[in-house]
2 protein chains.
Amino acid sequence: MSRNGKLATDLVQKLERDIVTGVLKPGDKLDERSLSERFGVSRTPVREALQTLAGSGLVATMPRRGTIVASITVADLIEMFEVMAELEAMCARLAARRMARTDIEKLIALGNECGTLQEHADADAYYEANVNFHEVIYAGCRNSFLERQTKNVRNRLAPYRRLQLHRPGRVKKSNAEHSEILDAISTGDAERAGRLMHQHVAVQGEALNDLLAIVPRGYLEPLAS
Amino acid sequence: MSRNGKLATDLVQKLERDIVTGVLKPGDKLDERSLSERFGVSRTPVREALQTLAGSGLVATMPRRGTIVASITVADLIEMFEVMAELEAMCARLAARRMARTDIEKLIALGNECGTLQEHADADAYYEANVNFHEVIYAGCRNSFLERQTKNVRNRLAPYRRLQLHRPGRVKKSNAEHSEILDAISTGDAERAGRLMHQHVAVQGEALNDLLAIVPRGYLEPLAS
DNA sequence: TACACATTTCTGGTATACAAAAATCCATAG
DNA sequence: CTATGGATTTTTGTATACCAGAAATGTGTA
């Protein structure tokens with residue numbers, strides 16, 4: 001499943017990072033000539049990179065009309081969060097059953113880090129630690145296929161998820177939920193870990209409205225795409 | 001997320017079909033020149049198609065060493081079935097809650113078709129009907145993202161799943177499980193539908209050994225890939 | 001001024017040419 | 001007879017050139 005040529009691989013990583021971290025925003029145009037000039041390569045590896053990214057859903061290419069950073073519909077957003085919650089819940093269930101002691105230590109450390117960062121009210125730093133916390137759980141499920149699958153969906157939701165944490169109070173609540181999840185995992189309570197993680201990730205009811213309210217114009221495309 | 005040029009899209013569909021239906025087997029080499037000659041196009045769309053397929057995991061390309069139909073390790077197989085069971089269970093749960101009456105009628109019809117085909121002991125025809133049965137449930141979850149995700153994993157497992165049904169008695173058992181799942185969905189019992197579907201799809205214990213025993217040489221690669 | 005149509009221009013899709021790495025083959029030496 | 005080394009060949013990775021289709025622009029007429 002490994003990617004193609006080295007140039008294309010580098011491009012994929014660079015662009016992926018820019019999209020996930022928000023440097024490139026949903027709707028931004030990615031034209032092949034600019035990218036090839038900017039990176040000093042020909043159009044061929046650029047196209048390969050864009051196709052790879054299209055395959056993972058991070059960009060969308062309309063035939064004869066170029067490619068843009070993927071912007072999804074509200075319906076897509078809801079659907080993807082629904083799946084994301086389930087995938088993370090599965091990771092948490094398996095992690096509760098399979099994580100080694102040393103991994104749990106790491107999770108505890110990251111949980112503490114999240115706690116201190118939360119008190120300092122640094123949303124961006126918290127976001128980083130939060131990502132790490134979740135990734136340790138992905139790894140803890142001991143199913144590398146599930147781990148990849150989960151990360152892929154997470155990346156696609158990253159531009160939207162990032163917005164959540166800038167809501168007042170969300171960081172604190174998120175951190176409290178982490179503690180509970182951590183407890184469930186370290187005591188090996190798979191069902192509880194899964195249930196808590198599902199609630200932690202799912203975006204339902206008011207939370208959904210709140211999220212939609214702060215999504216910038218252009219991040220979402222009209223339903224009639 | 002739509003694919004690139006028309007030629008590449010056609011190639012993707014053709015190759016995908018050949019891989020999923022078993023015309024092309026895991027480990028088969030796919031060299032660009034042969035394919036381009038065989039389909040009367042240049043190497044460019046061929047490469048695009050292969051990259052797209054690599055993105056969905058159906059083929060594997062090693063840098064500078066060409067691409068083959070993906071063959072996975074035993075560990076991968078186990079992991080993927082674990083995820084597959086969960087995805088299908090989620091589909092079933094949601095389907096039980098969301099399927100419309102007309103969809104359920106369709107599901108009943110397909111269930112019956114599976115039943116008659118099972119009595120005729122036609123494994124290949126049953127396989128087709130079985131695929132349809134499951135796809136109606138995928139669609140019934142009313143989450144197109146989950147549907148795509150599930151189909152993708154199913155396609156990747158297709159070469160191995162197909163082997164299962166050629167085991168004596170498996171078809172009959174499978175059909176009985178369908179009936180139960182159908183009942184759970186039509187009565188709206190989401191939890192039961194999910195649990196039954198999970199058991200239906202999961203490959204555990206003896207069933208796993210049975211499956212591994214009939215996987216032909218070359219379908220699986222050594223763990224040290 | 002607004003709209004319709006033609007032309008131009010720009011961008012993406014495809015083909016081909018070239019370069020570099022790997023696999024193969026053959027010869028030669030042990 | 002086998003193994004090793006290098007030359008050859010094959011195949012992939014990259015660049016470039018060419019073509020086609022869609023958007024943008026400009027012009028003329030109502």
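Keep in mind it's a predicted model, so treat the numbers as computed, not measured. The sequence lines fix the lettering, A, B, ..., with proteins before strands; numbering per chain opens at 1.
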- Any B:Arg65 side-chain N or O less than 4.0 Å from OP1/OP2 of C:dA23: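 Yes.
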Considering only nitrogen or oxygen atoms on both sides, find all protein atoms under 3.5 Å from nucleotides 16-19 of chain C and state each distance.
none

May I have the distance from [X] (atom [atom1]) to [N] (atom [atom2]), rounded to whole angstrom?
X       : N      : atom1 : atom2 : value
A:Ile68 : C:dG12 : CD1   : C1'   : 15 Å
B:Arg33 : C:dA15 : CZ    : C1'   : 13 Å
B:Met62 : C:dA22 : CE    : P     : 13 Å
A:Leu30 : C:dT11 : CG    : C1'   : 14 Å
B:Asp31 : C:dA23 : CG    : P     : 14 Å
A:Glu32 : D:dC18 : CD    : P     : 18 Å
A:Phe39 : D:dT14 : CZ    : P     : 15 Å
B:Arg47 : C:dG13 : CZ    : P     : 17 Å

- Item | Ring geometry between B:Tyr126 and B:His178 (parallel below 30°, tilted from 30 to 60°, perpendicular above 60°) |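 Judged by the thresholds at 30° and 60°, the geometry between B:His178 and B:Tyr126 is parallel.
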- Mind checking side-chain contact (heavy atoms from CB on, under 4.5 Å) for A:Glu37 and listing every partner two or more places apart, or none if nothing turns up?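 With sequence neighbours excluded, A:Glu37 shows a side-chain contact (heavy atoms from CB on, under 4.5 Å) to no residue whatsoever.
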- Query: For B:His198, which residues count as a ring pair (Phe, Tyr, Trp, His ring centres under 6.0 Å) partner, sequence neighbours excluded?
  - Reply: none
- Electrostatic pair B:Arg142:B:Asp103 at N-O distance under 4.0 angstrom: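 Between B:Asp103 and B:Arg142 there is a salt bridge, with a charged N closer than 4.0 Å to a carboxylate O.
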- Could you give me the CA-CA distance, side-chain angles and deciding distance for B:Leu24 and B:Leu30, then say whether side-chain contact (heavy atoms from CB on, under 4.5 Å) is met? CA-CA 9 Å; B:Leu24 288 169; B:Leu30 297 171; 4.1 Å; yes
- Counting N and O atoms only, with roles assigned by atom type, does the side chain of B:Tyr160 sit under 3.5 Å from a partner on the main chain of B:Tyr219, one being a donor and the other an acceptor? yes
